[in-house]
Structures are given as C-alpha cells and as structure tokens.
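Below is one structure; the comments refer to it alone.
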There are 2 protein chains.
Amino acid sequence: MAIRPPTLEETTAAENSNARISEYESACVAGGQGEAIRDVLNHIGNKWTLLIVRALSVGVRLRFTQLQRHIPGISQRMLTVTLRHLERDGLVRRTLHAEVPPRVEYELTDIGTTLIEPARALGSWATESYLSVLASRERFDATLAGGPNHST
Amino acid sequence: MAIRPPTLEETTAAENSNARISEYESACVAGGQGEAIRDVLNHIGNKWTLLIVRALSVGVRLRFTQLQRHIPGISQRMLTVTLRHLERDGLVRRTLHAEVPPRVEYELTDIGTTLIEPARALGSWATESYLSVLASRERFDATLAGGPNHST
DNA sequence: CGGTATCCGCTTAGATACTG
DNA sequence: CAGTATCTAAGCGGATACCG
C-alpha cells in the first residue's frame, strides 16, 4: 500500500473543490483504514489487551494464573474475556492440556507477535508523554474553573 | 529508561520464586507504565481520537467543519467532546478567532505531533492485519457454533 | 485450576434540539 | 459556524457465586 498523508496543496485543493476526496481521505473512511483502525482499536483499546500482549511478548507460554499475576488488578472474568477476544482474533493461541488439574497455556501467534512493536511504541509514547499530559490537564482544569463556557 | 522485557531465565526465575517481581513487571503495573498506558489508552482508544490525529497530522490547521468532513460519520457532539479531551491533554491547540461568524481552528501541538508516529504504526498494523483477523474470527465462530463449552 | 453465569453500575456514543 | 444540553441505548468492566 502506498497510502500517505496528502501534501498541503492537496489538502487545500480538496477543501476548495469540496466534492473531491483525496486518496488519503478515502483510505481513512469506512471502506479503508477507518474501519480497520476503529475495529482494531475497539479491541486493543480496551482496558487490558495491551497489558496481556506485553505479558506474553517475552515469548514464553503462560498459564492462566500466571497471566493473572502478571497483570495485577485484573479479574478472572476480564482475563477470560480478553483472552477469548485475542484468541478469536487469532492473536493468541490457547493450549489445553487434558490433565488433572487442567493446565491451559497461552502464547502469542505469529500475527500476535507483530503487534508487539506497535504496542511497545505506543507504550513508550504513553510513558514519555504522561507527565506532560498530566500537567496540561491541570492547567486546563485550573483555567476553566470559573466558567462553563469554553471560550469565555 | 532502560526497561526491557525479561529474558526467559528471568521470567522462569520470577515464576519459581514467586515473591520477586522483575523490573519489567513492576514497570508494567500501577506505579509505572501500566497506569500511563491505561490512562493514555482510555483516551486514544476511543472511537475517534486517532482519526482526528490523523486528520491533523498533515500539519495544517483545520476548522471544526473541515474536521467533520475529514471524519465521515462523526457527530458534532463527539467531535466536540474528543477535541476537548485532546485539548485538555495538551495534544491539540484550539484557536478561536473573534469574528462573525466565529472561526475556530485546530492543530496538533508539539506533543501531539509526537503521537503521529506511534499512531501511524498502529494504523498500519491494523490495516495489514485486518484481513487475517477477520478470517480468524470466522474460523473461531464456525468452530464454536456447536457447543458453549470452549474446550469441548 | 480455569473457567462460566448473573447482576449491576458506569461510561461511551448516537440522535435530536437549541444557541451565541 | 461552532458549539451546548438532554435523553437514551449499548457496551465495558467489576463483584460475586457457582462448576467441570
């Protein structure tokens, strides 16, 4: 795919002749990246998915209870649900060993492994920008303390 | 930060001596990246944020209505709400021109600009993996059609 | 051990109507 | 033009209890 953001000129042109839509834009909407991005974000944007991926990203298979220890605060239910979603999407492989007591192990699939890099990039960004974001929020909230009208 | 995933040996060691927690793990939980990641994901993981960032990533200031045209399907309300969040977090700058009719322009801040790369990485991953994910879902749903018990 | 089932509250997002 | 206000439905996530 050779999709790239439009240049300034293209953007301006698209704005002026309101009817035309650039390749970039059409790629961002329903048929193209928009749907994929939104669909993917609906899954990896939830509370636990990236944390599970990070836990599995070391490349070793982990059992249910091990995962739970790796992700403090997650409930049994949410761990099950999130793992199920990841398995359904083909990002995580679940292996049930028919023993007593049962043993279930989880690992990233090949596709799941390709998520590690983007996820780490995002995680790094989050870590590096977090202080700045927190500071900005404080400033914003302090400024708006008086009026409900944003621009007053 | 010199945080890196633990090696296999470290992980195994951590599992065995259940009490110890590796640097990587502690960085992933509440005090460290976990909070930042979750907080950030709560914002950028919603339905529209990344689409807005992408629209603004071309580096040109866009007006409210222009943004709305760039992101088909977004409602006035959701555009307002999402932009407000981005502004509060210091990722987007809002400029109100005191004219009649009013003109408001939005652009990425410096920090907002640093989000472009991770966002694009994630977007690319989404686009490239989407077909595979969809296929996996179909397989998963077809296999489970019979029984509610996952492992049966 | 590794789940499932149920209930319930909170947040998100869409539709609609109104405004400086 | 660029919002705000209100209402509502759906989804996400937590707590608890029970099961193979």
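It should be emphasised that the depicted structure is a prediction, and the values quoted were computed from it without experimental measurement. Below, chain A is the first sequence line, B the second, and so on; all start at residue 1.
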Figure out the CG/C1' separation between A:Leu67 and C:dG3, and round it to whole Å. 14 Å
Over how many whole Å does the gap from B:Leu79 atom CG to D:dG3 atom P extend? 8 Å
Rounding to 10°, can you tell me the angle the first-five-pair axis of the helix from C:dC1-D:dG20 to C:dG20-D:dC1 makes with its last-five-pair axis? 50°
Within the 4.5 Å heavy-atom criterion, are B:Arg137 and A:Asp89 side-chain neighbours or not? yes
Taking the side chain as every heavy atom from C-beta outward, state whether B:Gln66 and B:Glu105 have any pair of such atoms under 4.5 Å apart. no
Which residues pass the side-chain contact (heavy atoms from CB on, under 4.5 Å) test with A:Glu138, sequence neighbours left out? none
B:Leu96 CG to D:dA2 P, in whole Å, measures 10 Å
Could you state the atom-to-atom distance from CZ of A:Arg63 to C1' of C:dG2 in whole Å? 9 Å
I need the CG-P distance between A:Leu41 and C:dA13, as an integer number of Å. 11 Å
Nearest whole angstrom, please: distance from the C1' of D:dA2 to the CG of B:Leu83. 11 Å
Could you give the CD-to-C1' distance, from A:Gln76 to D:dA17, as a whole number of Å? 11 Å
Within the 4.5 Å heavy-atom criterion, are A:Leu56 and A:Leu67 side-chain neighbours or not? yes
OP1, OP2 of C:dG2 versus side-chain N and O of A:Thr65: anything below 4.0 Å? yes
Compare all side-chain heavy atoms of A:Trp125 with those of B:Leu115 and state whether any distance is below 4.5 angstrom. yes
Phosphate oxygens OP1/OP2 of D:dC1: is one of them under 4.0 Å from a side-chain N or O of B:Tyr106? no
Would you indicate, yes or no, if D:dA2 has its OP1 or OP2 atom less than 4.0 angstrom from a side-chain nitrogen or oxygen of B:Arg94? no
Tell me every residue that passes side-chain contact (heavy atoms from CB on, under 4.5 Å) with A:Ser136, counting only those two or more places apart in sequence or in another chain. A:Arg139
Generate the contact string for nucleotides 10-16 of chain D. Rules: B means base contact, S means sugar-phosphate contact only, - means no protein heavy atom under 4.0 Å. ---BBB-
Nearest whole angstrom, please: distance from the C1' of C:dG2 to the CD of A:Glu105. 13 Å
Approximate separation, where rounding is to 0.5 Å, of B:Leu122 CG and B:Ile44 CD1: 6.5 Å
Test side-chain contact (heavy atoms from CB on, under 4.5 Å) applied to A:Arg77 - qualifying residues, sequence neighbours left out: A:Ser75, A:Val81
Considering only residues two or more places apart or on different chains, which pairs with a residue in residues 83-111 of chain A satisfy ring-ring contact (aromatic ring centres under 6.0 Å, His included)? A:His43-A:His85
